[in-house]
Q: 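This is the structure, below, for whatever I ask next.
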Amino acid sequence: MARTAILVGAGVIGVSCAYALARRGWNVTLVDGASGPAMGTSHANGAQLSYCYTDALGSPAVLASLPRLLSGKGGVSFGLNFNPAYFRWAMQFALNCSASKFRSNTLALLELAAHSKRAMDALCDQHDLDFGHRIAGKINLLYSAKDRDHAAGVRAIKQSAQHGQCEQDIIDRDALYALDPALTGLDPDVIGAVSTPSEVVGDPFLFCTALLEVLMREYGAQTRFGSEVVSVQDRAGTGSVMLANGERLTADRVVIASGIDSNRLLAPLGEAEAIQPMKGYSFEMPATSGSPRISVTDGKRRLVFTNLGERIRVAGIAELGNGTRTIDDDRTQWLIDSARECLPKGGDYSQAGRFWAGLRPATPNSQPVIRRASTVLAINAGHGALGWTLAMGSAERLAELLSD
């Protein structure tokens with residue numbers, strides 16, 4: 001008899017987990033309080049599958065910048081919050097800002113990202129999914145010799161561990177124009193970039209929608225949308241979730257993959273994780289002749305440009321500790337203005353719209369939590385800004401844990 005699993009959360013993590021289990025013979029049910037898949041943090045994120053850009057958030061540079069980040073309304077800010085869970089998170093984060101921790105956390109993420117790329121490639125080879133998936137290449141802009149030296153050090157760390165699997169070059173500004181003529185209009189302060197030709201893009205909302213159709217059609221997956229889970233129970237080797245309408249669903253395994261909302265269900269079970277919200281924003285605008293085809297990351301302003309065909313998505317801002325889901329007009333305007341400073345002709349800014357805000361679930365070491373909490377309960381959460389990149393690899397790891 002096939003084993004059964006309930007996936008709580010239908011973003012990129014939950015849908016990917018459902019696929020990893022279904023293809024191993026599990027009967028899966030996706031449960032989400034939203035009206036459909038990928039309606040939360042997965043809905044309109046940066047859309048970049050950055051398999052080689054896995055730098056941990058915690059680093060000596062971030063720790064040195066903490067006074068500025070605490071005041072901040074720039075690309076990255078750390079909120080002042082005296083909630084005990086937030087304080088404990090901050091202390092753990094500080095301990096992960098050493099050079100050795102930055103190295104080990106970055107390499108752990110790089111390994112998981114490589115697993116994720118293999119899983120995504122295998123999925124796309126087996127199923128014809130339409131989500132704008134393409135190799136776009138990516139550049140990470142450099143503004144100073146200090147930036148260049150830091151980038152060279154991180155590149156060396158990754159290449160030594162991956163034996164050159166992540167092809168990255170540090171190039172001067174003049175070489176950018178050969179990669180993409182649209183880059184002639186870049187911020188004049190840019191001196192060069194880290195170029196990663198293998199990086200990929202894809203729309204996460206379209207991915208979840210397309211993969212869910214495959215799950216239902218070919219694997220018999222069930223869905224319960226518009227069904228808020230209010231509690232999870234582990235009773236005598238059987239898992240159950242209680243819905244807001246009073247209905248109880250049971251399965252052999254329950255997987256919590258609901259991002260920042262995971263602790264609402266885990267805390268009553270004594271399984272709360274060190275996860276804090278990191279609020280981000282995005283907008284879209286029509287592509288123009290000045291829009292880059294290549295993906296662009298601007299570390300100075302903490303934003304990214306992704307070409308999704310006829311539209312350019314710009315995503316950025318990381319407000320740690322901000323758990324509100326409302327869209328702040330001042331922040332979206334900051335994002336538009338910052339994007340225009342970086343790439344004045346990057347798109348039709350006069351038509352900027354489709355504004356979005358989402359809460360990335362961040363851990364102190366930047367690594368997601370992928371573990372079994374009991375014989376019945378499992379957790380796959382805390383992917384921070386790399387949820388889309390790490391989704392398929394995380395799902396494979398989780399499925400392997402449940403298959404043991």
Side-chain angles (χ1 to χ4, degrees), residues 13 41 45-46 50 53-113 140 150 153-154 157-158 256 258-264 266-267 270-281 297 299-304 315-324 331 357-371 379-390 394:
I13 305 301
T41 302
N45 62 32
S50 299
Y53 191 69
T54 60
D55 300 15
L57 178 61
S59 69
V62 168
L63 193 61
S65 302
L66 195 55
R68 175 177 56 81
L69 298 178
L70 288 171
S71 66
K73 281 294 182 181
V76 179
S77 62
F78 281 32
L80 289 172
N81 188 329
F82 296 101
N83 177 284
Y86 182 84
F87 183 77
R88 288 192 298 270
W89 189 100
M91 293 300 98
Q92 292 176 48
F93 176 78
L95 293 174
N96 278 279
C97 285
S98 67
S100 61
K101 287 292 187 180
F102 172 77
R103 177 188 175 92
S104 60
N105 290 331
T106 296
L107 290 180
L109 290 168
L110 187 66
E111 181 182 359
L112 181 55
N140 302 284
H150 175 74
V154 175
I157 289 172
K158 293 176 182 177
I256 307 299
S258 46
I260 199 60
D261 292 325
S262 297
N263 275 341
R264 176 177 60 82
L266 294 172
E271 297 292 348
E273 294 290 346
I275 296 174
Q276 287 294 320
M278 188 168 63
K279 188 174 183 178
Y281 288 80
T297 292
K300 182 172 77 171
R301 298 176 178 88
R302 293 285 179 170
L303 56 83
V304 301
I317 302 179
E319 296 177 340
L320 186 73
N322 186 344
T324 65
R331 300 304 276 145
L359 304 179
R360 311 177 189 100
T363 61
N365 64 4
S366 299
Q367 296 185 49
V369 177
I370 308 169
R371 70 178 181 92
I379 304 166
N380 191 0
H383 297 72
L386 290 172
W388 180 211
T389 295
L390 302 177
S394 298

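Just so you know, these numbers come straight off a predicted model, no measurement behind them. Only heavy atoms go into these numbers, but all of them, side chains included; no hydrogens, no water, no symmetry mates.
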Q: If you look at every heavy atom in C97 and L63, which pair is closest and at what distance?
A: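 That would be CB-CB, 3.9 Å.
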
Q: Closest heavy-atom contact between M278 and A385?
A: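 Taking every non-hydrogen atom into account, CE-N, 4.1 Å.
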
Q: Of all heavy-atom pairs between A99 and P60, which one has the smallest distance, and what is that distance?
A: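 Nearest heavy atoms, A99 then P60: N-CG, 3.6 Å.
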
Q: Are a donor atom and an acceptor atom from the side chains of Q367 and N105 found within less than 3.5 Å of each other?
A: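 There is such a pair between these side chains.
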
Q: Salt-bridge test for E319 and R360: reply yes if a basic N is under 4.0 Å from a carboxylate O, no otherwise.
A: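 Judged by the 4.0 Å cut-off on N to carboxylate O distance, E319 and R360 do not form a salt bridge.
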
Q: Verify, without hydrogens or angle tests, whether W89 (side chain) and G321 (backbone) share a donor-acceptor contact under 3.5 angstrom.
A: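 No, the answer is negative, given that no donor and acceptor are paired below the 3.5 Å cut-off.
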
Q: Can you give me the closest heavy-atom contact between L112 and P368, atom names plus distance?
A: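 Smallest heavy-atom distance, with atoms named: CD2-CG, 3.7 Å.
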
Q: Among residues at least two apart in sequence or on other chains, which ones pass side chain to side chain contact (heavy atoms under 4.5 Å, CB included) with P277?
A: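 With sequence neighbours excluded, P277 shows a side chain to side chain contact (heavy atoms under 4.5 Å, CB included) to I260, L359, given in chain and number order.
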
Q: What I'd like to find out is whether the side chain of L320 reaches to under 4.5 Å of the side chain of S77, using heavy atoms alone.
A: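 The answer is no; the side chains never approach within 4.5 Å.
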
Q: First locate atom OG1 of T41, then atom NZ of K279, and finally report the distance between them rounded to the nearest 0.5 Å.
A: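 Spacing of OG1 (T41) from NZ (K279) equals 11.0 Å.
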
Q: Please check if atom CZ in R301 has more than 12 non-hydrogen atoms from other residues, nucleotides or ligands closer than 6.0 Å.
A: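 Yes, because the 6.0 Å sphere around CZ of R301 holds more than 12 heavy atoms from other groups.
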
Q: Show me the pairs that pass side chain to side chain donor-acceptor pair (under 3.5 Å) and involve residues 53-63, at least two apart or across chains.
A: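 As it turns out, the side chain to side chain donor-acceptor pair (under 3.5 Å) pairs with a partner in residues 53-63, which skip direct neighbours, are D55-K158.
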
Q: Can you name the closest pair of heavy atoms from T106 and F102 and give their distance?
A: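 That closest heavy-atom pairing would be OG1-O, 2.7 Å.
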
Q: Would you mind telling me which of N380, I13, L390 makes a side chain to side chain contact (heavy atoms under 4.5 Å, CB included) with I370?
A: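 The single option meeting the side chain to side chain contact (heavy atoms under 4.5 Å, CB included) with I370 is N380.
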
Q: What distance do Q92 atom CD and L95 atom CG have between them, rounded to the nearest 0.5 Å?
A: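 It comes to 7.5 Å.
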
Q: About how many Å separate OG of S258 and CZ of R264, when rounded to the nearest 0.5 Å?
A: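 Reported to 0.5 Å precision, the distance equals 7.0 Å.
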
Q: Check side chain to side chain contact (heavy atoms under 4.5 Å, CB included) between T363 and all other residues, then give those that pass, not counting sequence neighbours.
A: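 Per chain and number, T363 pairs via side chain to side chain contact (heavy atoms under 4.5 Å, CB included) with I275, N365, V369.
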
Q: Could you walk me through whether R331 and I317 satisfy the side-chain contact (heavy atoms from CB on, under 4.5 Å) test, starting with their C-alpha distance in whole Å, then the side-chain angles of each, then the deciding distance to 0.1 Å, before giving a yes or no?
A: CA-CA 8 Å; R331 300 304 276 145; I317 302 179; 3.3 Å; yes

Q: Supply the atom-to-atom distance S104 OG to N96 CG, rounded to the nearest 0.5 angstrom.
A: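 Answer rounded to 0.5 Å: 7.5 Å.
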
Q: Please confirm whether the backbone N or O of I256 pairs with a side-chain atom of S262, one donor and one acceptor, at under 3.5 Å?
A: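 It does not hold such a pair.
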
Q: Work out which heavy atom in A272 is nearest to a heavy atom in A267; give both atom names and the distance.
A: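 Where A272 meets A267 most closely, the heavy atoms are CB-CA, 4.0 Å.
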
Q: Any donor-acceptor pair under 3.5 Å linking the side chain of N140 with the backbone of G299?
A: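 Not at all, since once roles are kept as given, no pair shorter than 3.5 Å links the two residues.
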
